[in-house]
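Structure first, then comments.
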Protein chains: 2
Amino acid sequence: MRNGKKMAETKDKARPRGRPRGFEPETALARARDVFWAAGFAASSLDELSAAMEMSRPSVYAAFGDKEALYLRALADYRDASAAAMRAALDPGLSPADGLRAVYRAAIAVYCADPAAPRGCLLIGTAATESVRNPRVRQALAESLALFNAILEERFRLARKAGELDTKADPAMLAKLAASLMFALAVRARAGEDRAALESLADAGVDMLCGAPAKTGRKRS
Amino acid sequence: MRNGKKMAETKDKARPRGRPRGFEPETALARARDVFWAAGFAASSLDELSAAMEMSRPSVYAAFGDKEALYLRALADYRDASAAAMRAALDPGLSPADGLRAVYRAAIAVYCADPAAPRGCLLIGTAATESVRNPRVRQALAESLALFNAILEERFRLARKAGELDTKADPAMLAKLAASLMFALAVRARAGEDRAALESLADAGVDMLCGAPAKTGRKRS
DNA sequence: TATATTTTGTACCAACTCGCATAATAAACA
DNA sequence: TGTTTATTATGCGAGTTGGTACAAAATATA
């Protein structure tokens, strides 16, 4: 049927013993992630998931376990991809402000990838809902948010060492504030705020976090 | 409160014609709101809802319509209560910084009311998930977030007029940044971050938004 | 009393949910 | 060729879902 075309022959690896898989795990996972991303965990049925993954339901179970395991796997993959993108954006060759701007810009691009139905962040937009009643999801969410904090903190710590930051600045708190703006962008994107508004908000946030005092609320004398 | 007309008749006005209701609409709605708050819209079954409301399912339907109508009603009530609390916290007798601190403190108190299972914000924690596929929920969410922005903006605008703010400051952008921190606090609370951490983050945010430049990342020379 | 009106409780429905048992299929291996 | 092994497809079953029909119950009114 759907495997008549190709048997998912991956590279030069010798085929395993049994019948070859009719799907590529990575793309199947990406499809599942997209379903969860749009509908959330609770509203994603296995029918819709297996259809999007182009797999029969027993195959989904055999390959990835039950619905929760599949969801946790999607969350973990998303977390890793996001962390990698953040580290890439925070190129130490750029100033902390430019790096932060790049992080926000990349995040907004992901959040608003589909202009017809912006999805925001998979973790904040869907895992947060499950977090109250599902401790495993809560832990995955908490760990992911902490990781994003830590990546930003590392950059701010480096900047302070390099003299790009006031020595009195607290890198950990700065990172939490910077991450908070990213989380808020995710919420606003999912609520439908348009991309231009998100980007100007992000720019104002960078100015406030890293400089350009003219635009803050501070009274200057 | 919001509909004095209908509420007044339950007091001591003549009883309506038929069999009297066995529930108080306000408390029943609050119970429904709590179920949605913990489980989200999709994972809240009518069985659980009607049990929490201490009403039979047909009674729920007769009084509030279907599950979505009940949810939208809970969202609207929550939005109104939140807006009232924000306006109360932003007492013009206080400085903008103190008012903002009060807003965050009140928000965190709501988000972390149950220390065993902090729920964050009903809108951000549950409506965001439904927003992608349910345009009515998305609109309710977007309008609520915009209302929170507007309430903060009004206070900043007043502060600028009163000379408490740099004339170059942009009240609209400041309000969006301030609201963004509130949204992030909601996300972090639902992810399980402890109350003390949220409060110190909120304080650092107020300092950054309204003054105390020593703690920002700005390099001062 | 009898009637009108509204709410309540029981019981039900069709559709959908997740997960699995079973068996056919497709490959490597002997 | 047959055997082994892994994946596929079919189909089912127990439970849950949102929503409703119906009649009993409780009140006001005539």
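Every heavy atom of this structure was used, including side-chain atoms; hydrogens, water molecules and symmetry mates were not. Below, chains carry the letters A, B, ... as their sequence lines are ordered, and counting in each starts from 1. Since we're looking at a predicted model, the values are computed, not measured.
What separates CG of A:Asp47 from P of D:dG11 is a distance of 15 Å, to the nearest Å. The distance from atom CZ of A:Phe23 to atom C1' of D:dT8 is 10 Å, rounded to the nearest whole Å. A:Glu24 has its CD atom 15 Å from the P atom of D:dT7, to the nearest Å. The separation between B:Met53 atom CE and C:dT7 atom C1' is 14 Å, rounded to whole Å. Between the P atom of C:dC18 and the CG atom of A:Leu49 lies a distance of 8 Å, rounded to the nearest Å. Remark: P of D:dG18 and OH of B:Tyr71 are 14 Å apart, rounded to the nearest angstrom. If you measure from atom OH of A:Tyr61 to atom P of C:dG19, you get 3 Å, rounded to the nearest angstrom.
Toward the 5' end of DNA chain C, the nearer of the two residues B:Met55 and A:Lys67, judged by each one's closest nucleotide, is B:Met55. Take the nearest nucleotide of DNA chain D for B:Gly18 and for B:Phe41: the residue whose nucleotide is more 5' is B:Phe41.
Distances shorter than 4.0 Å separate some side-chain N or O of A:Arg21 from OP1 or OP2 on D:dT7. Residue B:Ser59 places no side-chain N or O under 4.0 Å from the OP1 or OP2 atom of C:dT7.
Comparing C:dA26, D:dG19, C:dT8 against the side chain of B:Asp66 picks out D:dG19 as the nearest. Picking from D:dT5, C:dT8, C:dC18 the nucleotide with the shortest atom distance to the side chain of A:Arg17 gives D:dT5. For A:Leu46, whose side chain is taken as the heavy atoms from C-beta onward, the closest listed nucleotide among D:dT27, C:dT8, C:dC18 is C:dC18.
Side-chain contact between B:Asp91 and B:Asp98 is absent, with no heavy atoms from C-beta onward closer than 4.5 Å. You'll find the side chain of A:Tyr111 reaches within 4.5 Å of the side chain of A:Leu185, heavy atoms only. Considering only heavy atoms from C-beta on, A:Lys67 comes within 4.5 Å of A:Leu49 through its side chain.
Counting atom types as modelled, B:Arg57 pairs no side-chain N or O with a base atom of C:dG9 as donor and acceptor under 3.5 Å. Side-chain atoms of A:Arg19 come within donor-acceptor range of the base of C:dT25, with a qualifying N/O pair under 3.5 Å.
Residue B:Tyr71 forms a ring-ring contact (aromatic ring centres under 6.0 Å, His included) with just one option from B:Trp37, B:Phe36, B:Tyr78, and that option is B:Phe36. Just one residue in the list B:Arg73, B:Arg133, B:Arg136 forms a salt bridge (charged side-chain N to carboxylate O under 4.0 Å, His left out) with B:Glu68, and that residue is B:Arg136.
Residue B:Ser44 is classed as a sugar-phosphate contact, given heavy-atom separations below 4.0 Å to backbone atoms only. Using a 4.0 Å heavy-atom cutoff across all strands shown, B:Ser56 reaches at least one base atom of the nucleic acid.
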